[in-house]
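A quick write-up on the structure given underneath.
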Amino acid sequence: MSRRILIPALAALLGLCLLALAALVALRPEPTKPVASVGGPFALTSHEGKPITEQDFAGAPFLVFFGFTHCPDVCPTKLFEMSEALRATGERGAALRALFVSVDPERDTPAILKDYVSNFDPRIVAATADQVRIDAMVRAYRAYYKRVPLKDGGYTIDHTAGVYLMDKQGRFLRLIDMNRRPEIVAQDLLAAL
Ligand code: NI
């Protein structure tokens, strides 16, 4: 091969390698460094009616999501996406968990939550508590919710819809972008194992 061909060929090859490397870096799960200012201990009641704390989640990464069962769209969508991502982790993700915390303790009794989460992956635990404990957890997670009265006399609830990824020590890692294919989200979950 003449030098006139070899050098551009090598340059093209090098370019391809750099592109491949950039793609690998872009696809790599994000770094996992805990953030101490978000999260912390909590004491709730599970959808089985049992006390549940952060210690019940120790040993494996878990997701946290705040919402309520009367939510018309955001909550069911997010819980469905969480289910799909958990499913996509396969056997390696068996120990992963997710916690769905109700910001509507008035209506979301453990029995109602149990019925609701039966629609989703069994690794999703729903929980409620009195308003004081819910509010404390919402604050600790820098989340937000607000009751909004409806014309019919009922109410709905505006709320943040971030999905928190906690590490196996229960420390906050980051919010997970659920607007990706379940297989991609699953990589983030498995990387935290
Ligand atoms: Ni919702």
**OP:** Considering non-hydrogen atoms only, spot the tightest contact between Ile124 and Ser83 and give its length.
**Re:**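 Nearest heavy atoms, Ile124 then Ser83: CD1-OG, 3.5 Å.
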
Original post:
Between Ile52 and Ala127, what is the shortest heavy-atom contact and its length?
Top reply: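 Answer, listing the atom of Ile52 first, then Ala127: CG2-CB, 4.2 Å.
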
Residues in side-chain hydrogen bond (donor to acceptor under 3.5 Å, both in side chains) contact with [X], at least two apart in sequence or another chain:
| X | value |
| --- | --- |
| Asp135 | Tyr145 |
| Arg139 | none |
| Tyr164 | none |
| Arg107 | Asp104, Tyr155 |

**OP:** Please identify each residue that fulfils side-chain contact (heavy atoms from CB on, under 4.5 Å) with Thr77, with sequence neighbours left out.
**Re:**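 So Thr77 forms a side-chain contact (heavy atoms from CB on, under 4.5 Å) with Glu81.
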
Original post:
For Asp115, what residues pass the side-chain contact (heavy atoms from CB on, under 4.5 Å) criterion, not counting sequence neighbours?
Top reply: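 Asp115 satisfies side-chain contact (heavy atoms from CB on, under 4.5 Å) with Ser118 once adjacent residues are dropped.
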
Subject >> Residue pairs passing the salt bridge (charged side-chain N to carboxylate O under 4.0 Å, His left out) test where at least one lies in residues 61-72, sequence neighbours excluded >> reply: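 Matches after skipping sequence neighbours: none remain.
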
Original post:
Which pairs, with at least one residue in residues 152-170 and sequence neighbours excluded, count as a salt bridge (charged side-chain N to carboxylate O under 4.0 Å, His left out)?
Top reply: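 Residue pairs passing salt bridge (charged side-chain N to carboxylate O under 4.0 Å, His left out), neighbours aside: Asp167-Arg171.
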
**OP:** Return each pair, listed once, that meets side-chain hydrogen bond (donor to acceptor under 3.5 Å, both in side chains) where at least one residue sits in residues 57-71; pairs must be two or more places apart or across chains.
**Re:**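 For residues 57-71, and leaving out neighbouring residues, the side-chain hydrogen bond (donor to acceptor under 3.5 Å, both in side chains) pairs sorted by first residue read Thr69-Asp108.
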
Original post:
Tell me the side-chain hydrogen bond (donor to acceptor under 3.5 Å, both in side chains) pairs involving residues 40-58, sequence neighbours left out?
Top reply: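 Qualifying pairs: Glu48-Lys114.
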
Considering only distance and modelled atom types, tabulate donor-acceptor pairs under 3.5 Å from the side chains of residues 87-100, sequence neighbours left out.
from: Arg87; atom 1: NH2; to: Glu84; atom 2: OE1; distance (Å): 2.9
from: Thr89; atom 1: OG1; to: Leu86; atom 2: O; distance (Å): 2.5
from: Arg97; atom 1: NH1; to: Ala94; atom 2: O; distance (Å): 3.3

